[in-house]
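A short worksheet on the structure shown next.
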Amino acid sequence: MKISQDPHPRVRAAACTTLGQMATDFAPNFQKKFHETVIAALLRTMENQGNQRVQSHAASALIIFIEDCPKALLVLYLDSMVRNLHSILVIKLQELIRNGTKLALEQLVTTIASVADTIEEKFVPYYDIFMPSLKHIVELAVQKELKLLKGKTIECISHVGLAVGKEKFMQDASNVMQLLLKTQSDLSNMEDDDPQTSYMVSAWARMCKILGNDFQQYLPLVIEPLIKTASAKPDVALLDTQDVENMSDDDGWQFVNLGDQQSFGIKTSGLEAKATACQMLVYYAKELREGFVEYTEQVVKLMVPLLKFYFHDSVRVAAAESMPFLLECARIHGPEYLAQMWQFICDPLIKAIGTEPDTDVLSEIMNSFAKSIEVMGDGCLTDEHLEELGEILKAKLEGHFKNQELRQVKRQEENYDQQVEMSLQDEDECDVYILTKVSDILHSLFSTYKEKILPWFEQLLPLIVNLICSSRPWPDRQWGLCIFDDIIEHCSPTSFKYVEYFRWPMLLNMRDNNPEVRQAAAYGLGVMAQFGGDDYHSLCSEAVPLLVKVIKCANSKTKKNVIATENCISAVGKILRFKPNCVNVDEVLPHWLSWLPLHEDKEEAIQTLSFLCDLVESKHPVVLGPNNSNLPKIISIIAEGKINETINYEDPCAKRLANVVRQVQTSEELWLECIAQLDDEQQEALQELLNFA
């Protein structure tokens, strides 16, 4: 901290960089332990007007520190920190006007955005002192060298607007939108490397979120230039090698040598603008839904052919990403219109899964297809589509196994070293990521078609069984189990026909060293109890001791293991709830109650709270305890559920939990005993639950 005030600017800058690195490497403990010292030191350094570069380093370090600083801690310094930032902003804005200096200002506006993003609604009291200066910067930054500053300031304005909410932001919304429209009247006029582009994309997306339906009035002003830019066709040429050599690098062309003294060329200028326009169309379709309906047909006719636009990966990603959102928009027109649009989309989307060469793009296409299936529902695929999809997924799985074999062969070769191993691991990660997308597609089919899809699935069954063999790498076993989990959850009781394939792998993998595998196995055992039917009785009985053993392990609640452990706790609860004849309920229930609340897995946590409501509402004597002695524990579990944001007011469980609290309040003595064991935060959480549920 002392060297952050060193007289030499390079030392001060290095100190700031070091603090930023420590804030990254040791987050969030570093923030929790040193927040007072670090925030004060960085603000002092930013206030020192002697060196722009040092100020920039200090602002950058503060951004990093804030990112992982708990909101509750940041609020302690909020007033002094925000007012310091505003004072510095005013000074830096004057320097920009007088001298054109911008370095520290670029970092400063990003710092302000970071603060607003972290403290959210608590930024409202400071909104009016910042917004005029931020808008002024956008108006001033017209020269080419100020484009980055302008982009970052636009981003900052959108972060501030999102933090304070629509009601506060509406006073400036029209003015800000005019500034954005002026900045981006036509994307095609932007240079390929214009630094404003990425900031504009995210800013427009935030404006959609802030304004909601009120954004629709601006859409006609933006949509046609966007569609024009997204529709632009690249210039291509076939040239002799001599002609290529005569062209300047500044001409914006890239060439691939085809041999025979010829090269294929594409003019890359404009491709980034095309990709950006496509991304923005995705944002509008996603955020506006009803407001985007009139543009749906025009945009889908643009996007579907772009699934084969191999000149730019981001264009294909945006095209794929748009599909489920466009279908959601089309659904507003009615089922017949939706069916026609799906007919136009489905075949090219399936074919793109089979032909896409880039792994990152392929994952987006597969994800889009899975989401589209969920939008369309049961019966959306023809027999021909299912046949083609089955062949493609089979090829993906067979390729997965073949690639693993080839990597093992490469590990035995003479030139194998650490660098080769790193490359092989990268390849493996890509393969596993595609495996997760195969799982996503199967999940969408199981959840929409239910047991009707199982005859089609059986062509893939041997490959899925191979995934869960004990000799396979742990990611294979994890995702193989996840696929069987989906079959049990969505295709029961018919799922029992496959029980001999997954029975022992599911039980044995409860003892796996990898928590991801244990989580998949535990989730499967839970849905067996919940959805599996009577055939799963003996398997649920066998599962309980294994689940309890995992829960009681000394390190079961560590950061690495906690999600798997919470799935085990939830699975025990599901067996108690849905298969009570599989277990001695009165013996296990006190243990289950002692393991609550769940903190990390929100979905499983709400299921445990729902079961807890069942038990309390039925006045289960084991849960309530002698003379209601367990009620303080139950009330604290409910309070923690609210603090951890497990309880969603739209969920029926929220009202049930609030009613449990109200029932306890009818006995003043019992209520006082309960709240005596709660801290202030827990008491406030209960009061908030009672106010809204």
Side-chain angles (χ1 to χ4, degrees), residues 227 230-234 236 266 271 274-283 285-286 296-330 338-377 380-400 403 430-445 448-449 453 456 459-460:
I227 291 175
S231 305
K233 290 180 168 51
V236 296
I266 178 170
L271 289 182
K274 183 182 180 75
T276 300
C278 291
Q279 289 163 7
M280 291 177 72
L281 289 170
V282 174
Y283 287 132
K286 178 182 178 181
T296 304
E297 186 170 340
Q298 187 179 4
V299 173
V300 82
K301 287 179 177 177
L302 163 67
M303 289 296 199
V304 168
L306 293 180
L307 291 168
K308 297 189 289 187
F309 189 82
Y310 296 111
F311 299 124
H312 202 291
D313 292 351
S314 296
V315 172
R316 301 199 304 287
V317 167
E321 193 180 351
S322 71
M323 299 303 161
F325 301 126
L326 292 170
L327 289 170
E328 291 278 12
C329 294
L338 176 62
Q340 289 174 355
M341 182 165 289
W342 176 237
Q343 189 176 4
F344 182 72
I345 289 173
C346 183
D347 190 58
L349 199 53
I350 291 174
K351 283 182 166 50
I353 297 172
T355 58
E356 174 55 52
D358 183 89
T359 301
D360 291 334
V361 180
L362 174 61
S363 68
E364 289 295 336
I365 294 172
M366 296 175 79
N367 185 56
S368 171
F369 181 72
K371 287 182 177 179
S372 298
I373 294 292
E374 291 172 6
V375 172
M376 296 304 300
C380 64
L381 296 175
T382 65
D383 290 343
E384 291 77 12
H385 286 146
L386 282 170
E387 182 180 355
E388 185 176 7
L389 180 64
E391 290 173 358
I392 290 170
L393 295 184
K394 187 177 180 182
K396 297 293 181 194
L397 290 165
E398 289 172 344
H400 176 81
N403 290 342
C430 289
D431 272 3
V432 169
Y433 193 52
I434 296 303
L435 179 60
T436 71
K437 298 306 169 185
V438 171
S439 175
D440 286 346
I441 290 174
L442 292 175
H443 168 83
S444 70
L445 290 169
T448 53
Y449 277 72
I453 201 66
W456 169 87
Q459 64 185 306
L460 305 176

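Quick note: residue numbers are just sequence positions, from 1. Being a predicted model, the structure only gives us computed values, none of them experimental.
In this structure, the separation between CD1 on Ile373 and CG on Leu349 is 8.5 Å, given to the nearest 0.5 Å. In this structure, OG in Ser439 is found 11.0 Å from CG in Leu393, a value given to the nearest 0.5 Å. Note that the CG atom of Asn403 and the CG atom of Asp431 stand 4.5 Å from one another [nearest 0.5 Å]. Put simply, CZ on Phe325 and CG on Leu327 are 10.5 Å apart, with the number rounded to the nearest 0.5 Å. To the nearest 0.5 angstrom, Leu381 atom CG is 11.0 Å from Asp347 atom CG. Rounding to the nearest 0.5 Å places SG of Cys346 at 11.0 Å from CD of Glu384.
Contact annotation: the side chain of Val304 approaches that of Met323 to within less than 4.5 Å [non-hydrogen atoms, C-beta and beyond]. Side chains of Leu386 and Ile453 form a contact here, defined as non-hydrogen atoms less than 4.5 Å apart. Val317 is not listed as a side-chain neighbour of Asp360, based on a closest heavy-atom distance of 4.5 Å or more.
Not one N or O on the side chain of Trp342 forms a donor-acceptor pair closer than 3.5 Å with the backbone of Met376. Side-chain atoms of Lys286 never come within 3.5 Å of backbone atoms of Glu321 as a donor-acceptor pair (strictly under, hydrogens ignored). Judged purely by atom type and a 3.5 angstrom limit, Asn367 has no side-chain atom pairing as donor or acceptor with the backbone of Ser363.
Closest of all the heavy-atom pairs between Met366 and Ile441 is O-CG1, 3.7 Å. The heavy-atom pair separating Met303 from Cys278 by the smallest distance is CE-O, 3.5 Å. Of all non-hydrogen atoms in Pro324 and Val375, the two that sit nearest each other are O-CG2, 4.2 Å. In this structure, Ala370 and Asp440 approach most closely via the heavy-atom pair CB-O, 3.7 Å. Residues Ala320 and Ser368 come closest through the heavy atom pair O-OG, 2.5 Å. For the pair Thr296 and Met341, the tightest heavy-atom approach, listed with the atom from each and the gap, is CG2-CE, 3.3 Å.
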**OP:** Let me see the working for Val315 and Leu271 under side chain to side chain contact (heavy atoms under 4.5 Å, CB included), right down to the final yes or no.
**Re:** CA-CA 8 Å; Val315 172; Leu271 289 182; over 6 Å; no
Original post:
Could you go step by step and tell me if Val282 and Gln279 meet the side chain to side chain contact (heavy atoms under 4.5 Å, CB included) rule?
Top reply: CA-CA 5 Å; Val282 174; Gln279 289 163 7; 5.6 Å; no
**OP:** Let me see the working for Lys308 and Tyr310 under side chain to side chain contact (heavy atoms under 4.5 Å, CB included), right down to the final yes or no.
**Re:** CA-CA 6 Å; Lys308 297 189 289 187; Tyr310 296 111; 3.9 Å; yes
**OP:** Using the side chain to side chain contact (heavy atoms under 4.5 Å, CB included) rule, take Phe369 and Ile345 through it: C-alpha gap first, then chi angles, then the decisive distance, then the call.
**Re:** CA-CA 10 Å; Phe369 181 72; Ile345 289 173; over 6 Å; no
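Enclosure of atom CD in Gln343 is not indicated, since only 12 or fewer non-hydrogen atoms of other residues, nucleotides or ligands lie within 6.0 angstrom. For Glu297, the CD atom sits in a loose shell: 12 or fewer heavy atoms of surrounding residues, nucleotides or ligands are nearer than 6.0 Å.
At least one test fails for Lys274 against the ring of Phe311: distance under 6.0 Å to the centre or angle within 45° of the axis.
A salt bridge between Glu388 and Lys351 is present, with a side-chain N of the basic residue lying under 4.0 Å from a carboxylate O of the acidic one.
Under the side-chain hydrogen bond (donor to acceptor under 3.5 Å, both in side chains) criterion, Asp358 pairs with no residue, sequence neighbours left out.
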